[in-house]
Structures are given as structure tokens and as C-alpha cells.
Enquirer: 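Handing you this structure, nothing more for now.
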Number of protein chains: 2
Amino acid sequence: MNYTEAKDKFISTWGALGTLWGINKAMAQIHALLWISPEPLSMEDIMEELHISRGNTSMNLRQLMDWGIVFKESKPGERKEYFVSEKDVQELARQVAKERSRREIKPVIKVLREVSGIEGDGTKKTEELIKQTKALYELADNADTMMNKIVNQESNWITKTLMKLIK
Amino acid sequence: MNYTEAKDKFISTWGALGTLWGINKAMAQIHALLWISPEPLSMEDIMEELHISRGNTSMNLRQLMDWGIVFKESKPGERKEYFVSEKDVQELARQVAKERSRREIKPVIKVLREVSGIEGDGTKKTEELIKQTKALYELADNADTMMNKIVNQESNWITKTLMKLIK
DNA sequence: TTAAACTTTCAGTAATTATTGAAAGTTTAA
DNA sequence: TTAAACTTTCAATAATTACTGAAAGTTTAA
């Protein structure tokens, strides 16, 4: 496998993984491209490499920036804007964990707390609803707390922790 | 909030979360419904409660069974089949982790190993590709190993581990 | 066996989500 | 200011994904 084959394989695999996890293909592929690029890339560069339109590129770059894993960069004397990805894998993991927690997990935890907190009325179905949503609430809340730990620790905490667990 | 409101809120929230994580709404909602149901439900019951078609119900029940989190149950003397969900939250988490690892993470790890294993040719871009995909490979491989740990431990391992980490 | 009771499959259709491309908007050099 | 160089927005459209419903398939009781 030569450079081009490896690059294409990585980009398309990353895109497919994204899709599986609810992230759109273009967004994941732009990230993949920037992740392995030693130089900042312009919108033109990205459009050309991935064969996607200007609008699509622009919208997905914005999303990646909203996620905090891609940044704008300007080269002195040039009008064009360039983009670079976060290059540290730990920081990438932290940022993704943090954003998914904030956008998706926290709101669900809130609902689970509300639902599991309703008053029992003595019926079996209400008891079951309370019991089962409470169990889910506790699981989600624990997982989320762990994520926040990860987010707020020094950068190689993940690896250290994983190592501890694996041993 | 009364029983019906709480139930509906839980089911629709669970469906929305599923969608966000690449799981279709009907599948997530059927799971939610079974999760809080004290009794096994028939296909009719599910169709009626969620207002979905027979075909849709059948296909998504199959998927839930493939994931190992919903089971068929027959009542003696009845022709109809009933369905129950795994009720233990630890077992649910284990099963979901196991399946996502097998279906999605493992294949990606394989590609990352292949891509990061290509031979360097002295160019900067090849060096960067190797370096960055190797970092991702290590992260994914660690995370997956942890998942497998979870899958193969006694049922309350997750909670214990999380507790250790949180303290 | 037969046929009733049930489940699965799948072609067609609907709903959702992603993408395009051109117009509108913004920035900057002169 | 102006206009060139660039980016963003968004209505239209394409692509993907989910859903329906009826036909085909399966199981079981008699």
C-alpha cells in the first residue's frame, strides 16, 4: 500500500465510521484529511481533494470548529483562510467527549431524572418505569461524570487510566 | 407528570438519542418500550403503542435480538410470540459495548493498523500520515481493550470501576 | 394434510438528511 | 469608496435511510 492508497483508505474509513456514529460523512472526511495533513489546507484544497462543493465544505468546517477540533489559520499576506485540525489525539478525544456530553448526554440525563422522579401510584407499570429509568439514569450519570473527569485532567490521563484498567 | 406523560417522554427521548448515535428511531423506541414494560409484549402491542407498521416492527425486533438485548418469549398455549428486553442495565451496557466493538471498532482498528503500518518514503506527508494514524490506532485499541474488559467481567464491574475513577 | 394464526420479506414510497451552486455577504488592498 | 477575492447562506435537489403493507413464508392444532 502506497501513500495515496493509505490516505484514501483512511479518509473513507473515517467517513464510514462517522456515519455509523451519527456524524455526517463530509464532516468526518474533512477531519480525516486535516488530521493527516502536515500543512494547513484552504477551502479549495479540501474541495478538490474530497470532491465536494464549496457550500458543503464551508458548513462542515464550521461544524468542526464548533466542536473545537479544527481551527482557522491565516497566512500573513494572504487573503485566503487556511484550516488545521487539532493534532493531539488526547485533546481530540477530550474535545469529542466533552461536546457529546454537553449536546447529547446531559439533556438525556435531565429527562431520565425527571421521568424516574415521578410519584409512584402503586401500579406495577409505574413501578417498573421508575425502576428502569432510574437504573438508566445512574448508568448515564456515572458515565458522564467519568467523561468530565477525562475532560478536565492533564492530557495523558486517558492513557494512564486505560493502562491501569487493562492491567 | 403522570405515568403516560412520563412514558411518552422517555420513549421519545430514547428514540431521539438513538438517532443521534446512528440507531434508528423505531429500534430505539421499541427498546425503550420493552425496557419499561413489566410484561412481555406482542407485535400487536408494540405496533399499537408506537404507531408503526408490522414490517417495521418485525425488522427492528430482529435487529434488537441480533444485538442481544431483546428476546423472544412464548406463552404456553398461545401461538403468538412475545418479546422482552434485557432488564439489567449492566448487561445492557455490556451487550451494547460488545456489539459496537465487534461491528464498528474492530474493523476500524484493523484499517488503522494497516494504514499506519505502511513504509515511510521520507516525505513529510507520509511521515504525518503514519504518525497520526498510529496515534489514533493506539487510542482506539486501548479503548477497545477496555470495552472487552467490561464485557468479560462480572456484572457490576462497570460501577465499581467508575467509582474508583470518580473518587 | 389443511387451514388458521401468525411472522417475515421486500418492492414501492415516504421522510429525512446531505449536497449543490449561485446569490448575498464580508473583508481587505489600493 | 470600490472592486476583487474570498466565505457564508439557503432554496432547490439529490442521495440516503426508514417505513409501509401486502404477498410469501412458517408454524401448529386439529
Side-chain angles (χ1 to χ4, degrees), chain A residues 11-34 40-67 70-85 103-104, chain B residues 11-34 40-67 70-85 103-104:
Chain A
I11 290 173
S12 75
T13 301
W14 209 235
L17 181 69
T19 302
L20 241 29
W21 288 78
I23 285 158
N24 95 40
K25 199 178 79 178
M27 182 172 159
Q29 292 194 339
I30 293 171
H31 175 255
L33 179 59
L34 291 173
L41 300 180
S42 68
M43 240 167 69
E44 294 289 342
D45 295 333
I46 297 168
M47 287 165 59
E48 200 171 301
E49 177 73 39
L50 303 177
H51 304 101
I52 59 179
S53 71
R54 191 171 293 284
N56 198 6
T57 307
S58 172
M59 286 171 111
N60 284 108
L61 278 169
R62 149 149 324 274
Q63 279 217 75
L64 287 164
M65 290 187 288
D66 289 347
W67 274 70
V70 162
F71 312 101
K72 256 187 194 155
E73 201 164 274
S74 7
K75 293 193 180 178
E78 278 205 62
R79 183 79 71 77
K80 219 183 293 185
E81 286 172 325
Y82 288 82
F83 299 89
V84 292
S85 100
R103 295 161 194 244
E104 298 155 16
Chain B
I11 291 173
S12 76
T13 302
W14 209 237
L17 181 70
T19 302
L20 240 30
W21 288 77
I23 285 159
N24 94 40
K25 199 178 79 176
M27 182 172 161
Q29 292 193 338
I30 293 172
H31 176 255
L33 179 60
L34 292 172
L41 300 180
S42 69
M43 239 167 70
E44 295 289 341
D45 295 333
I46 296 168
M47 286 165 61
E48 201 171 300
E49 177 73 39
L50 303 178
H51 304 101
I52 59 178
S53 72
R54 192 172 293 283
N56 197 6
T57 307
S58 172
M59 285 171 108
N60 284 109
L61 278 169
R62 149 146 327 274
Q63 278 218 75
L64 286 164
M65 290 186 290
D66 289 348
W67 275 70
V70 162
F71 312 101
K72 257 188 195 156
E73 199 164 275
S74 7
K75 292 192 180 181
E78 278 206 61
R79 183 78 72 77
K80 217 184 292 185
E81 286 173 324
Y82 289 82
F83 300 88
V84 292
S85 102
R103 295 162 194 243
E104 299 155 15

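Residue numbers begin at 1 in each chain, while the letters A, B, ... track the order of the sequences.
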Enquirer: Round to a whole Å and report the spacing from CG of A:Leu50 to C1' of C:dT19.
Expert: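 Those two atoms, CG and C1', are 13 Å apart.
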Enquirer: Please give, in whole Å, the distance from C:dA14 P to B:Lys25 NZ?
Expert: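 After rounding, the reported distance stands at 17 Å.
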Enquirer: Could you state the NE2-P distance from B:His51 to C:dA15, rounded to the nearest angstrom?
Expert: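 Taking atom P of C:dA15 as the reference, NE2 of B:His51 is at 16 Å.
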Enquirer: Write down the distance between CD (B:Glu78) and C1' (D:dT27), rounded to a whole number of angstrom.
Expert: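 Rounding to the nearest Å, CD of B:Glu78 and C1' of D:dT27 are 15 Å apart.
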Enquirer: Taking all non-hydrogen atoms of both residues into account, name the closest pair between B:Glu73 and B:Pro40 and its distance.
Expert: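 Heavy-atom minimum between the residues: OE2-CG, 3.1 Å.
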Enquirer: When both hydrogen-bonding distances must be under 3.5 Å and the geometry is Watson-Crick or G-U wobble, what is C:dA11 paired with, if anything?
Expert: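 Check on C:dA11: paired to D:dT20, both distances under 3.5 Å.
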Enquirer: What is the minimum heavy-atom distance between B:Ala28 and B:Gly18, and which atoms define it?
Expert: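 In this case the closest contact between B:Ala28 and B:Gly18 is CB-CA, 4.3 Å.
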Enquirer: If only side-chain N and O atoms of A:Lys80 are considered, is one of them under 4.0 Å from the OP1 or OP2 phosphate oxygen of D:dA4?
Expert: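 Result: no.
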Enquirer: Could you tell me the separation between the CE atom of A:Met27 and the P atom of C:dT19, rounded to a whole number of Å?
Expert: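 Those two atoms, CE and P, are 12 Å apart.
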Enquirer: Start with the C-alpha distance between B:Leu61 and B:Glu81, add both sets of side-chain angles, then the distance that settles side-chain contact (heavy atoms from CB on, under 4.5 Å), and finish with yes or no.
Expert: CA-CA 12 Å; B:Leu61 278 169; B:Glu81 286 173 324; over 6 Å; no
Enquirer: So, is A:Asn56 close to the C:dT20 phosphate, meaning a side-chain N or O under 4.0 Å from OP1 or OP2?
Expert: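 Yes, such a contact exists.
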Enquirer: Can you tell me the pairing partner of D:dT26 across any strand shown, Watson-Crick or G-U wobble, with both distances under 3.5 angstrom?
Expert: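 Checking every strand shown, D:dT26 finds its partner in C:dA5, with both distances under 3.5 Å.
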Enquirer: Whole angstrom is fine here: how far is it from CE in B:Met43 over to C1' in C:dT7?
Expert: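 Computing the B:Met43:CE to C:dT7:C1' distance gives 6 Å.
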Enquirer: If you assign A:Met65 and B:Ile23 each to the DNA chain D nucleotide with the nearest heavy atom, which residue ends up on the more 5' nucleotide?
Expert: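 Its nearest nucleotide lies further toward 5', so the answer is A:Met65.
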Enquirer: On the nucleotide C:dC6, are OP1 or OP2 found under 4.0 Å from the side-chain N or O atoms that B:Lys75 carries?
Expert: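 The answer is no; no side-chain N or O of B:Lys75 sits under 4.0 Å from OP1 or OP2.
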Enquirer: B:Met59 CE to C:dT7 C1': how many Å, rounded?
Expert: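 Going from B:Met59 (CE) to C:dT7 (C1'), I get 13 Å.
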Enquirer: When both hydrogen-bonding distances must be under 3.5 Å and the geometry is Watson-Crick or G-U wobble, what is C:dG21 paired with, if anything?
Expert: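 Base-paired to D:dC10.
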Enquirer: Any strand is fair game: report the nucleotide pairing with C:dT16 by Watson-Crick or G-U wobble, both distances under 3.5 Å, or none.
Expert: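 Per the H-bond distance test, D:dA15.
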Enquirer: Tell me the closest heavy-atom pair linking B:Asn60 and B:Ile30, and the distance in Å.
Expert: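 Heavy atoms only, the tightest pair is CB-CD1, 3.7 Å.
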Enquirer: Rounded to whole angstrom units, what separation is found between the CD atom of B:Glu81 and the P atom of D:dT26?
Expert: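 Taking CD of B:Glu81 and P of D:dT26, I get 14 Å after rounding.
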Enquirer: OP1 or OP2 of C:dT19 sitting under 4.0 Å from any side-chain N/O of A:Asn24?
Expert: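 It does, given that an N or O in the side chain of A:Asn24 lies less than 4.0 Å from OP1 or OP2 of C:dT19.
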Enquirer: Taking A:Asp45 for the side chain and A:Ser42 for the main chain, is one N or O donor matched with an acceptor at less than 3.5 Å?
Expert: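 Yes, because the side chain of A:Asp45 sits within donor-acceptor range (under 3.5 Å) of the backbone of A:Ser42.
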